[in-house]
Amino acid sequence: MRNLFAFRAAIAAICITAALPQAATAKDWIEKVQIAKDGIDIVPIEVSANAAGYTAVKTGSHKFGLRLYARATNGERIVAMKAGSYKDVLYFEYATQWNEGFSNRDVGAGSKRTVDLHIDRVIPLKKLTWQGSDPRARCALNLESLIAKGMSKTAALAKIHTVKAYAYFELDAVAARKNKAENGKWSLKNTTSQRDAATYEVLVKCLPGIKRKGS
């Protein structure tokens, strides 16, 4: 009889637990996060060369236009965001690659459920992470392809070639409960975050490494 009562009590406890609302997870506090290229970018990054091949990225920095978007669920607010050019961007963590944080007035001081920012930033290329190959490597791969198709190395390096490279960006959005957000009493302990990633296509101009006769 005692075993029967114990069994019924266990079943009742399971039913009660199942009926209770479950705690929110990190994803539940944020509906959407998105980082994307914003605008038209037609300024090429230049790569220098010599008779042996492509030597270095000549361009020191490049202007990037980015859209940063985040929307919290009902009852929560976006309190901070961080954009960066590396894997696993987190608002509360330090990184050496390019990154920029947005909080307080930048995102509405904890009053906004949706934050939509459009930024233009001039970023040193040495601070970027590239998806696949960097600009110099893209030129080198193009050179290999031209040679494989029958063009001589000398002829290829005497011309300007245009290829594409892809800078890598991530956005980390941070959300807090409405009362914590509006009072500015949010921190790592009482917030959740969610990330999005994007590649940013740029034009790359592979400069000649050999002077043409008569030029």
Side-chain angles (χ1 to χ4, degrees), residues 26-27 30-50 52-71 78 80-103 106-107 114-146 148 156-157 159-175 193-209:
K27 217 168 186 179
I30 298 178
E31 282 185 6
K32 184 178 180 180
V33 178
Q34 185 178 42
I35 183 169
K37 183 177 183 179
D38 187 33
I40 300 172
D41 188 341
I42 59 173
V43 179
I45 291 170
E46 295 186 342
V47 174
S48 57
N50 57 26
Y54 295 101
T55 56
V57 178
K58 183 179 179 180
T59 304
S61 58
H62 186 81
K63 185 177 180 179
F64 292 87
L66 294 167
R67 182 195 181 199
L68 315 177
Y69 177 90
R71 179 172 173 80
I78 299 297
M81 298 194 297
K82 178 186 276 189
S85 181
Y86 55 96
K87 300 281 186 178
D88 299 328
V89 170
L90 290 172
Y91 180 80
F92 292 101
E93 291 188 3
Y94 172 80
T96 57
Q97 290 293 85
W98 176 82
N99 66 88
E100 184 174 346
F102 304 87
S103 61
D106 292 334
V107 295
T114 300
V115 175
D116 194 355
L117 301 180
H118 301 260
I119 64 170
D120 292 303
R121 295 294 184 269
V122 177
I123 304 173
L125 298 188
K126 64 182 180 180
K127 289 282 188 178
L128 291 175
T129 296
W130 297 93
Q131 185 72 38
S133 306
D134 65 22
R136 190 205 65 80
R138 289 282 180 179
C139 289
L141 289 170
N142 183 64
L143 177 61
E144 291 178 7
S145 176
L146 293 172
L157 286 170
K159 297 180 179 180
I160 294 175
H161 303 281
T162 301
V163 296
K164 295 176 181 178
Y166 301 88
Y168 179 83
F169 291 98
E170 281 190 1
L171 174 66
D172 184 43
V174 182
S193 66
Q194 190 175 329
R195 289 193 302 268
D196 182 49
T199 54
Y200 187 113
E201 182 182 284
V202 294
L203 295 176
V204 178
K205 184 183 289 186
C206 309
L207 300 175

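When a residue number appears, it is its place in the shown sequence, counting from 1.
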Roughly how far, to the nearest 0.5 Å, is the [atom2] atom of [Y] from the [atom1] atom of [X]?
X	Y	atom1	atom2	value
Leu125	Lys58	CG	NZ	13.5 Å
Ile45	Ser61	CD1	OG	9.5 Å
Glu31	Gln194	CD	CD	10.0 Å
Ser193	Ile78	OG	CD1	10.0 Å
Leu141	Arg136	CG	CZ	9.0 Å

Can any side-chain N or O of [X] pair as donor or acceptor with the backbone N or O of [Y] at less than 3.5 Å?
X	Y	result
His161	Ala156	yes
Tyr200	Gly65	yes
Lys82	Val89	no
Asp196	Ile35	yes
Lys127	Thr96	yes
Gln131	Ala167	no
Thr129	Ser85	yes
Ser48	Thr55	no

Practice prompt. Check the surroundings of atom NZ in Lys37: do more than 12 heavy atoms from other residues, nucleotides or ligands lie under 6.0 Å from it?
Written response: yes

Got [X] and [Y] here, is their nearest side-chain heavy-atom distance under 4.5 Å?
X	Y	result
Lys164	Leu203	yes
Val57	Asp134	no
Tyr69	Met81	no
Ile119	Phe102	yes

Worksheet item: Phe92 and Val174: side chain to side chain contact (heavy atoms under 4.5 Å, CB included), yes or no, with the steps?
Response: CA-CA 10 Å; Phe92 292 101; Val174 182; 4.2 Å; yes

Please report the closest heavy-atom contact between [X] and [Y], naming both atoms and the distance.
X	Y	result
Asp116	His118	OD1-NE2, 3.5 Å
Ser133	Ala165	O-CB, 4.4 Å
Ala83	Leu171	N-CD1, 4.1 Å
Pro44	Thr59	O-OG1, 4.4 Å
Asp172	Tyr91	OD2-N, 2.9 Å
Val122	Pro124	O-CD, 4.1 Å

Item to complete: Report the C-alpha separation of Asp88 and Arg195 in whole Å, then their side-chain angles, then the decisive distance to 0.1 Å, and conclude whether the salt bridge (charged side-chain N to carboxylate O under 4.0 Å, His left out) test is met.
Response: CA-CA 8 Å; Asp88 299 328; Arg195 289 193 302 268; 3.2 Å; yes

Item to complete: Go through the steps for Tyr54 and Leu157 under the test side chain to side chain contact (heavy atoms under 4.5 Å, CB included), then give the verdict.
Response: CA-CA 9 Å; Tyr54 295 101; Leu157 286 170; 3.9 Å; yes

Discussion item. Suppose we screen for salt bridge (charged side-chain N to carboxylate O under 4.0 Å, His left out). Which residues come up paired with Asp38, at least two apart in sequence or across chains?
Written reply: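 None.
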
Discussion item. Checking Tyr168 now: which residues fulfil side-chain hydrogen bond (donor to acceptor under 3.5 Å, both in side chains) with it, not counting sequence neighbours?
Written reply: Glu170

Worksheet entry | ring pair (Phe, Tyr, Trp, His ring centres under 6.0 Å), paired with Phe169, selected from Tyr86, Phe64, Trp130 |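 The passing option is Phe64.
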
Worksheet item: Between Val43 and His62, is a side chain to side chain contact (heavy atoms under 4.5 Å, CB included) present by the stated rule, with each step listed?
Response: CA-CA 8 Å; Val43 179; His62 186 81; 4.2 Å; yes

Fill in: Residues Asp41, Val202; criterion side chain to side chain contact (heavy atoms under 4.5 Å, CB included); working and verdict
CA-CA 7 Å; Asp41 188 341; Val202 294; 4.2 Å; yes

